[in-house]
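Written out below as structure tokens is the structure these notes cover.
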Amino acid sequence: MPVPIIIDCDPGHDDALAIMLAAGDPAVDLLAITTVAGNQTLAKTTLNARRVCTLAGIADVPIAAGCDRPLVEPLKVADDVHGTSGLDGPQFPEPTVDVVPEHAVDLIHRILTSHPEPVTLVPTAPLTNIALLLTRYPDAAARIREIVLMGGSTERGNRTPAAEFNVQADPEAADIVFRSGVPVTMCGLNVTHQALATPEVVARFNDMGTDLGRTCAELLTFYASTYRELWGFQDPPLHDPVAVARVIDPKIVHCVDANVVVELHGRYTRGATVVDLHRYMDRPVNAQAAITLEADLFWDRMVAAVATLGGRKG
Ligand code: BDR
Ligand code: CA
């Protein structure tokens, strides 16, 4: 039986491919897509989710907009990585799928309490919506099978030397999630940096001969250029689909038990995830930390999902 999931995202180049992986892979049942401010403003991330769904032919999955700013921090978008639209690179057709008239947090809660099975949440963005859900609807926690998130790192950061973007953007929200008692799996930079979109990967999307495949190749080409410029990466890491892949098949992403706390006060380290992999500190296990990616399996699933969604040949 496919695992029921909700993606909470801020598209974002890698979020766009995470949506496609979740919609195209038969091992998961994508129940909803919710958006939050992060890589760009809420208006732009929501428009981008609609653009991606329109192009990929994802018409039957509700999209709802959520929080337009972090709980405490001011919003600082990642336009240096994702451009002014949040999805710079390709041209998108006018979106034909719309949002539902419901706040993301209310939609997630409604699905959690009405779905026959517990649902897995896959946040690939700042954790503002998820923290608000857990705070506003404490009954929701028991209905969440697990939270498999892209964020944090067992090592260094990207937004600051210490902190990864999704956690650094809203550290208080991440702190609420890691302390919630809900099973959490953290797919941090240490594992997503193993999902490198090489020229061979880009060629696999181009070779599909569909609008969707070509758009993926264009997204990855733009994303490669900013990663090269900002951090000197030869090939860019495709972070967000790694969290989806962990739900699709746990054998693609190997994890270990860990204690994860979020640094809220450090002058230079606010938003860092402090990950105790060896339990030196005698703090309880509150997360699974992803460590190793089976990159070939990952890319095979990613490419197959986009091919399944197909889109128009052209
Ligand atoms: C995360 O930050 C965003 O820019 C990406 O979409 C990803 O979710 C990586 O740090
Ligand atoms: Ca993201």
Side-chain angles (χ1 to χ4, degrees), residues 6-22 33-42 44-49 51-52 65-67 70 73 75-89 104 121-130 147-171 173-174 177 185-197 216 219-220 222-227 229-231 233 235-246 262 271-273 275 290 293 302:
I6 296 172
I7 288 200
D8 185 63
C9 59
D10 60 344
H13 294 68
D14 50 338
D15 301 82
L17 275 96
I19 291 171
M20 292 178 214
L21 179 58
I33 298 164
T34 52
T35 58
V36 67
N39 284 326
Q40 260 299 350
T41 61
L42 180 68
K44 289 184 182 179
T45 59
T46 306
L47 174 63
N48 289 342
R51 284 175 163 153
V52 169
C67 298
E73 283 284 312
L75 176 64
K76 291 191 266 333
V77 299
D79 51 354
D80 52 347
V81 182
H82 299 277
T84 49
S85 73
L87 268 189
D88 277 14
L121 304 184
V122 186
T124 63
L127 290 153
T128 323
N129 285 343
I130 309 302
I147 297 173
V148 182
L149 62 91
M150 191 282 131
S153 177
T154 62
E155 297 161 2
R156 288 169 67 82
N158 57 1
R159 205 55 181 168
T160 73
E164 181 278 333
F165 177 80
N166 289 340
V167 176
Q168 197 265 346
D170 195 342
V177 169
T185 297
M186 182 187 102
C187 298
L189 297 177
N190 57 292
V191 74
T192 64
H193 283 187
Q194 298 166 44
L196 298 172
C216 289
L219 283 169
L220 292 174
F222 177 88
Y223 188 60
S225 70
T226 60
Y227 255 84
E229 217 169 279
L230 291 169
W231 291 293
F233 275 67
D235 305 310
L238 198 67
H239 309 282
D240 293 338
V242 172
V244 180
R246 167 68 187 178
V262 178
T273 45
V275 184
L293 178 76
M302 186 68 250

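Read the numbers this way: they start at 1 and go in the same order the structure lists the ligands and their atoms. In this text, all values refer to a predicted model and were calculated from it rather than measured experimentally.
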### Query
Checking T124 side chain against M150 main chain: does a donor-acceptor pair fall under 3.5 Å?
no
### Task
Indicate whether the side chain of T34 and that of N129 have a donor and an acceptor atom separated by less than 3.5 Å.
no
### Task
Report yes if some heavy atom in the side chain of V148 is under 4.5 Å from a heavy atom in the side chain of C187; otherwise report no.
yes
### Message
For T124, which part has a heavy atom under 4.0 Å from ligand 1: side chain, backbone, both, or neither?
### Response
backbone
#### Entry: Heavy-atom donor-acceptor pair, D8 side chain to P123 backbone, under 3.5 Å
no
### Query
Between V191 and L293, which heavy-atom pair has the shortest distance, and what is it?
CG2-N, 3.8 Å
#### Entry: Short side-chain to backbone donor-acceptor contact, D10 and P126, under 3.5 Å
no
### Message
Return the closest protein heavy atom for atom 2 (O) of ligand 1 as residue, atom name and distance.
### Response
F165 CD2, 3.4 Å
### Task
For residues P241 and D14, determine if any side-chain heavy atom of one lies less than 4.5 Å from a side-chain heavy atom of the other.
yes
### Task
Mark yes or no for whether D15, through its side chain, and D240, through its backbone, hold a donor-acceptor pair below 3.5 Å.
no
### Query
How would you list all residue pairs meeting side-chain hydrogen bond (donor to acceptor under 3.5 Å, both in side chains) that involve residues 186-195, not counting sequence neighbours?
T154-N190, T192-H239
### Any N/O pair D240/ligand 1 closer than 3.5 Å
yes
### Query
Under the 3.5 angstrom rule, does the side chain of T273 hit a backbone N or O of V275 as a donor-acceptor pair?
no
### Task
Would you kindly specify which portion of N158 sits under 4.0 Å from ligand 1, judged on non-hydrogen atoms: side chain, backbone, both or neither?
side chain
### Message
Within the 4.0 Å heavy-atom shell around N166, which atoms of ligand 1 are there?
### Response
1 (C), 2 (O), 7 (C), 8 (O)
#### Entry: Closest approach of any protein heavy atom to atom 4 (O) of ligand 1, naming residue and atom
N39 OD1, 2.6 Å
### Task
Applying side-chain hydrogen bond (donor to acceptor under 3.5 Å, both in side chains), name anything that partners S85, two or more places apart in sequence or on another chain.
D88
Ignoring hydrogens and angles, write down the donor-acceptor pairs under 3.5 Å from the side chains of residues 76-84, residues two or more places apart or on other chains.
from, atom 1, to, atom 2, distance (Å)
K76, NZ, E73, OE1, 2.9
D80, OD1, R159, NH1, 3.3
D80, OD2, R159, NH1, 3.3
H82, ND1, H13, N, 3.2
H82, ND1, H13, ND1, 3.0
H82, NE2, N39, OD1, 3.3

### Query
Should the proximity of V81 to ligand 1, defined as any heavy atom under 4.0 Å, be assigned to the side chain, the backbone, both, or neither?
neither
### Message
Within the structure, is a non-hydrogen atom of H13 found at a distance of less than 4.0 Å from ligand 1?
### Response
no
### Task
Less than 3.0 Å from the Ca ion (ligand 2) is the window; count the protein N, O or S atoms in it.
5
### Query
Against heavy atoms of E164, which atoms of ligand 1 measure under 4.0 Å?
1 (C), 2 (O), 9 (C), 10 (O)
### Message
Suppose I only count heavy atoms of D14 and a 4.0 Å limit; which atoms of ligand 1 are within that range?
### Response
5 (C), 6 (O), 7 (C), 8 (O)
### Sub-4.0 Å atoms of ligand 1 with respect to non-hydrogen atoms of H239
9 (C)
### Query
Side chain, backbone, both or neither: which part of R159 has a heavy atom under 4.0 Å from ligand 1?
neither
